[in-house]
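Encoded as structure tokens, the structure appears first; notes follow it.
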Protein chains: 2
Amino acid sequence: MNKHTKQREAILRFLRGTYSHPTADQIYDEVRKEIPNISKGTVYRNLKVLQEMGLISELNLNGTVSRFEVKQESHYHFRCEKCGRVLDIGEPVDKELDRRVALRTGLKIHHHQLEFQGLCHDCQHE
Amino acid sequence: MNKHTKQREAILRFLRGTYSHPTADQIYDEVRKEIPNISKGTVYRNLKVLQEMGLISELNLNGTVSRFEVKQESHYHFRCEKCGRVLDIGEPVDKELDRRVALRTGLKIHHHQLEFQGLCHDCQHE
DNA sequence: GTAGTATTAGGATTCATTACTAATAAACAA
DNA sequence: TTGTTTATTAGTAATGAATCCTAATACTAC
């Protein structure tokens, strides 16, 4: 059974209050303001536990370290090639695409992930 | 200027002869059959150089180590959740999607990557 | 051939992530 | 409240992919 600890709670609370898709390190830095002696291992372990609980999900975008967000409906992401910022994209997920490719290839397709790349609003104007 | 070395040539030749999307380690193991004392650093460096030359491209699929393939037109990939196998998918890349999302969001979209996940032919039947 | 320079092998280093362990703190029952 | 059980923690060691470093080597052009 899972126990309720202030470390786990602080990590989840931080994720629920941000849209920034932080890395484990960024979460560590943030939560340390509240619990100064929390260890990085604790952050990693709790990120794993929270995933298993279905409360958050891990994001592995092209060649970058893992990022985390609160669990949402399936959606696409955008990553700025200049500043690295990650944004959620509202475009609806194309489930039909999975069916079409499955039919054409004979593969069993469970889902797909899509990542847009380009320049965010800030990085376009400079 | 780039020099022509048997190490670089062997790496490129192997990639040109496979559809397996190998990792750096797999490339290392393979090329070592031909050049037993090649070092892993040499493999990594040449993979980088070959990318800069535009001959190969790096593949970073969800939370796995880098894989490599000969440069092709933009296309989608499939990764088997059971055996890890990676396949190219013939489905045409939807450039219109980039335009639509750019228009809707104001982001500058250069391209997108898409990865299907599921079970390959072999892993469906067991 | 000689000179100039990119490349190599091999080992050291980095960095994200995981594993390990003794100490601690939830949870729960007596 | 106290004791017991067990998940969790802090801190540190270990792993593994990828990069960096350096003296020795091998391309390439002249």
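Remember, it's a predicted structure, so these values are computed and weren't measured experimentally. Naming convention: chains lettered A, B, ... in sequence-line order (proteins, then strands); numbering from 1 in each chain.
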Between atom [atom1] in [X] and atom [atom2] in [N], what is the gap in whole Å?
X     : N      : atom1 : atom2 : value
A:K6  : D:dA10 : NZ    : P     : 7 Å
B:I35 : C:dG10 : CD1   : P     : 12 Å
B:I11 : C:dT8  : CD1   : P     : 8 Å
B:E9  : C:dA6  : CD    : P     : 21 Å
A:K40 : D:dT9  : NZ    : P     : 17 Å
B:Y28 : D:dG16 : OH    : P     : 15 Å
B:N46 : D:dA26 : CG    : P     : 16 Å
B:D25 : D:dG16 : CG    : C1'   : 9 Å

Do A:E69 and A:H21 have side-chain N/O donor and acceptor atoms under 3.5 Å apart? yes

So, is [X] near the phosphate of [N], with a side-chain N or O under 4.0 Å from OP1 or OP2?
X     : N      : result
A:Y44 : C:dT17 : yes
A:R45 : D:dT9  : yes
B:T5  : C:dT8  : yes
A:S39 : D:dT9  : no
A:Q7  : D:dA10 : yes
A:S66 : C:dT17 : yes

With a 4.0 Å cut-off on heavy atoms, is B:K48 in touch with a base, just the backbone sugar-phosphate, or nothing at all? sugar-phosphate

Once you apply a heavy-atom cut-off of 4.0 Å, does B:R8 come out as touching a base, just sugar-phosphate, or nothing?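 If one applies the 4.0 Å heavy-atom cut-off, B:R8 turns out to touch the sugar-phosphate alone, with no base involved.
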
Once hydrogens and angles are ignored, does a donor-acceptor distance under 3.5 Å link the base of D:dT6 to the side chain of A:K3? yes

One thing to verify: whether A:K40 and A:D25 come together as a salt bridge, which I'm taking to mean a side-chain N less than 4.0 angstrom from a carboxylate O. yes

What I want to find out is whether B:E91 reaches A:R104 closely enough, with some N-O distance under 4.0 Å, to be called a salt bridge. yes

Along DNA chain D (nearest heavy atom to each residue), the more 5'-positioned of A:I38 and B:G41: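 This one resolves to A:I38.
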
When you match A:T64 and B:N2 each to their closest nucleotide on DNA chain C, which lands nearer the 5' end? B:N2

Classify the ring geometry of B:Y76 against B:H112: parallel below 30°, tilted from 30° to 60°, perpendicular beyond 60°. tilted

Check A:V43 against A:I11 and note the closest heavy-atom contact, atom names and distance.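 Scanning both residues completely, I find the closest heavy atoms to be CA-CD1, 3.9 Å.
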
